[in-house]
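Below is one structure; the comments refer to it alone.
Letters go in sequence order (proteins before strands), and every chain restarts at 1.
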Amino acid sequence: MIRSAKMSRYSPAEIEARWQAAWEKDDVFKAVRSAEKPKYYVLEMFPYPSGRIHMGHVRNYTMGDVIARYKIATGHSVLHPMGWDAFGMPAENAAMAIGGHPKDWTYGNIADMRDQMKPLGLSIDWSREFATCDPEYYGQQQALFLDFLQEGLVYRKNAIVNWDPVDMTVLANEQVEGGRGWRSGALVERRELTQWFFKISDHSEELLAALDTLDNWPAKVKLMQANWIGKSRGLQFAFSTIDAPEGFDRIEVYTTRPDTLLGASFVGISPDHPLAKLLEKTNPEIAAFCAECRKGGTTEEAIETAEKLGMDIGLRVRHPFDTSWELPVYIANFILMDYGTGAIFGCPAHDQRDFDFATKYGLPIISTFLPAEDADPKVTEAFVPAKSEKVYYNGKFAGETWQTGEEAVAAAIEACEAQGVGQGVTKYRLRDWGLSRQRYWGCPIPVVHCDACGVVPEKKENLPIELPYDVDFGTPGNPLDRHPTWRNCACPSCGAAAKRETDTMDTFVDSSWYFARFTSPHADTPTVMEDAAYWMNVDQYIGGIEHAILHLLYSRFFARAMQITGHLPESAIEPFDALFTQGMVTHEIYLTRDDKDRPVYHLPEDVTDGKLADGTPVEIIPSAKMSKSKKNVVDPLGIIASYGADTARWFVLSDSPPERDVEWTASGAEAAFKHLGRVWNISTRTTEMPKDEEGEGDTDLLRAMHKTIHDVTMGVESFGFNAAIAKLYAFTATLQKSKAGHTAQREAIMTLAQLMAPMTPHLAEEIWTAQGGTGLITTAPWPKADAAMLIDDTVTLPIQINGKRRAEIQVPADMPKEEVEKRALNHEAVLRILDGATPKKVIVVPGRIINVVV
RNA sequence: GCGGGCGUGAUGGAAUGGUAGACAUACCAGACUUAAAAUCUGUUGGGCCUUGUGCCCGUGGGGGUUCGAGUCCCCCCGCCCGCACCA
């Protein structure tokens with residue numbers, strides 16, 4: 001039994017540890033399957049174990065915690081787990097930079113971060129914790145991989161990587177800086193390797209169509225995913241070539257704008273197109289050009305922003321509608337082999353990129369449609385109207401003369417098919433997911449290369465294939481490749497000596513099913529159907545908008561793949577019922593300049609009133625993402641030490657809407673702390689009040705209380721935490737000024753504590769106990785607003801004249817519209833402004849507003 | 001370059017298409033105090049005059065829809081996120 005000390009001053013350091021111990025002792029956050037209660041699964045995107053928590057974590061996990069605690073109070077059986085996205089490059093980089101081993105570094109960081117997280121008082125079931133680098137986890141991931149392989153969901157093909165020719169190693173995109181390797185500074189090249197792929201593209205249509213079922217996802221995320229999948233309807237057809245090398249008498253192209261076929265002025269192929277590859281073998285000029293095109297990074301951004309280069313390879317093709325019309329063929333660096341057929345036709349009049357290209361290489365620019373019938377067909381820039389806009393087609397082709405782009409495309413496909421020129425095709429931009437990584441600190445791909453049997457899956461009983469510990473990071477590249485013995489194994493098929501695959505998996509694989517693993521985190525199969533069926537789906541998923549596409553799309557694919565392989569029920573193929581994307585925590589940047597005018601950054605604690613300790617004024621850059629290099633960081637541990645976790649939790653929720661960035665300010669944190677102190681003082685005052693004296697305004701206080709219950713409940717349910725907190729501030733002020741009697745005040749302060757409990761659980765427990773509440777506030781039922789107390793007898797309606805507010809009237813809430821209108825028109829100010837004029841129209845929105853139009 | 005989002009007082013922000021600026025910070029003023037801190041109370045978008053129950057302007061800029069726009073539509077500017085090997 002917990003007895004609070006005699007209440008005097010609000011001292012979080014003392015109460016927070018005590019209540020955390022109480023929750024742990026009672027196991028209140030242990031997720032238990034229950035037959036009576038509805039379940040609720042709340043999950044925040046798990047962190048990378050960098051070693052230090054930052055304010056962004058505090059905000060993210062506090063939001064999830066508010067939901068979890070609210071759901072506990074509303075009678076749910078709650079699953080709120082935590083784990084670690086623990087594989088990845090930073091651990092290897094640390095090993096290279098400062099020595100040590102990725103495993104030791106990672107587990108050390110996890111221990112540190114767990115220690116930093118626990119004082120926040122989060123409602124997490126720590127018994128379910130795991131790290132993706134635990135062999136227990138990644139062994140099950142290997143089992144999933146083998147099942148996917150058997151189902152044909154995984155295959156091998158060649159793909160392009162960034163190659164550092166000096167370090168002789170593959171580079172991640174972030175390791176390519178301005179087209180050069182980050183360590184060696186060498187110009188990066190593109191190189192082909194055989195790699196493993198998940199067949200996510202087989203599910204393009206499904207993943208696109210199912211977005212419509214995700215009612216509780218932000219529309220922007222669904223839109224981004226839809227655009228990423230990129231479904232298009234176009235025409236695939238061939239240009240016949242003139243005197244081309246053998247096997248290339250046709251060049252297949254795909255276009256989404258067949259209606260512009262009469263504006264074609266050249267054919268472009270990718271430097272990786274089979275024809276380009278053939279020609280570069282014998283033609284040194286073409287070889288040099290292709291090599292030039294292959295310089296630089298592999299990102300779409302790098303390719304799209306690079307200067308457009310092309311080379312006329314001398315080959316000519318015939319236009320499908322006019323065999324006397326010949327077009328040149330260019331190799332061009334902006335054409336992707338991965339999309340369509342790796343070949344396009346260029347229509348400079350209606351595509352800005354083609355326009356720039358044609359201008360550069362002196363190619364003809366032929367208009368096929370115009371904004372108006374009498375518009376000048378001479379083109380000075382690409383005319384690219386929305387596809388839904390009607391335009392005038394000046395060349396004879398297909399469909400109406402005046403039609404939208406969409407109509408024209410459909411008509412063009414139909415016409416081409418009828419003439420035997422190609423066929424209508426639906427394509428998707430989404431590519432298969434390359435999962436091979438030539439790195440050590442990841443989940444080993446459980447396959448074996450046998451001279452006799454080829455690529456053979458490892459036997460499940462040999463899992464997990466564990467990473468060897470004795471590796472060296474002295475030289476760049478994958479230490480698994482260099483390991484003296486680890487690769488050696490017996491072929492699972494024929495038993496002969498064979499070699500292990502040394503590639504490991506993309507860390508996106510690790511994070512694509514962890515949410516399912518949390519439902520049975522220590523099982524010896526990836527999931528347990530019964531547990532998965534009970535806890536899935538995640539009812540509320542919370543994380544950063546930066547994961548809007550890849551992580552969420554991959555997870556959606558994995559849920560389908562796991563369903564196909566019998567690891568998830570059909571009901572869980574859309575694993576996240578509701579998604580919320582939260583904003584960042586930002587802070588001002590403080591800087592001075594050195595003698596060369598370079599910025600010198602200063603920590604917030606070294607700056608007071610815009611000055612350093614020695615009086616030097618600092619430049620201030622507002623609202624910047626917290627980053628170590630800019631020194632605009634606030635350490636949550638320091639804040640917890642000064643003010644307590646409740647203050648940190650309260651502040652990160654109070655100042656901004658959760659989906660937007662919040663600026664951390666010292667004064668804001670101070671204010672949050674003061675406010676919690678005020679609430680504490682009200683509780684103390686209540687306990688010291690005479691118990692049997694009559695007060696004044698009991699009903700007014702309780703009315704305000706019920707309104708607050710209503711508003712805060714709505715706020716929590718709709719992620720309006722900042723608005724909910726504003727209501728709590730207002731109610732605190734009302735309570736503080738109230739002269740109500742003890743019974744009403746006690747009810748008010750206990751209710752206030754309950755409404756605050758999801759945000760400031762320690763303070764809430766302390767007040768609950770001080771007021772004689774039963775049990776823990778954490779498990780006490782959420783207060784219910786009394787509907788009768790929410791209805792006002794009279795309402796104040798603003799009166800607008802021509803949309804400008806000119807007066808207001810008080811009327812009974814249930815007064816009929818006609819009566820309200822009559823009263824408004826007889827209002828003194830209204831009569832004065834109307835000055836005898838007759839209103840043309842009077843709009844009365846009951847309970848809202850009156851607008852008089854003259 | 002392409003896709004998505006955001007932009008409101010000195011500051012963070014509030015506002016189912018219906019009183020723009022709730023709530024908080026900061027500032028200023030007052031109470032308490034020998035004083036300071038702490039605490040409490042109050043004022044504060046800009047402008048105008050005739051100081052009123054007053055008028056005009058005001059939600060990045062420009063245009064539009066509507067009785068009514070911060071909110072919806074179009075164009076522009078700025079910032080942020082993503083672009084498939086960062087997590």
Nearest to the side chain of [X] - [options]?
X        : options            : value
A/Leu550 : B/A84, B/C85, B/G1 : B/A84
A/Arg806 : B/C55, B/G1, B/A84 : B/C55
A/Ala671 : B/U25, B/G5, B/U19 : B/U25

Watson-Crick or G-U wobble partner for B/U53, using a 3.5 Å limit on both distances? none
Need the pair for B/C83. Rule: Watson-Crick or G-U wobble, both distances under 3.5 Å, any strand; none if unpaired. B/G1
Integer angstrom distance from the [atom1] of [N] to that of [M]:
N     : M     : atom1 : result
B/A26 : B/C75 : C1'   : 38 Å
B/A31 : B/C49 : C1'   : 35 Å
B/G62 : B/G78 : C1'   : 15 Å
B/G18 : B/C72 : P     : 11 Å

Establish, from distance only, whether the side-chain atoms of A/Asn158 and A/Thr194 form a donor-acceptor pair under 3.5 Å. yes
Checking all strands, does A/Gln438 fall into the base, sugar-phosphate, or nothing category for heavy-atom contacts under 4.0 angstrom?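 The answer is base, as A/Gln438 lies within the cut-off (heavy atoms under 4.0 Å) of a base atom.
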Regarding A/Phe334, tell me which of base, sugar-phosphate or nothing describes its non-hydrogen contacts under 4.0 Å with the strands shown.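 Answer is nothing: A/Phe334 stays at 4.0 Å or more from every strand.
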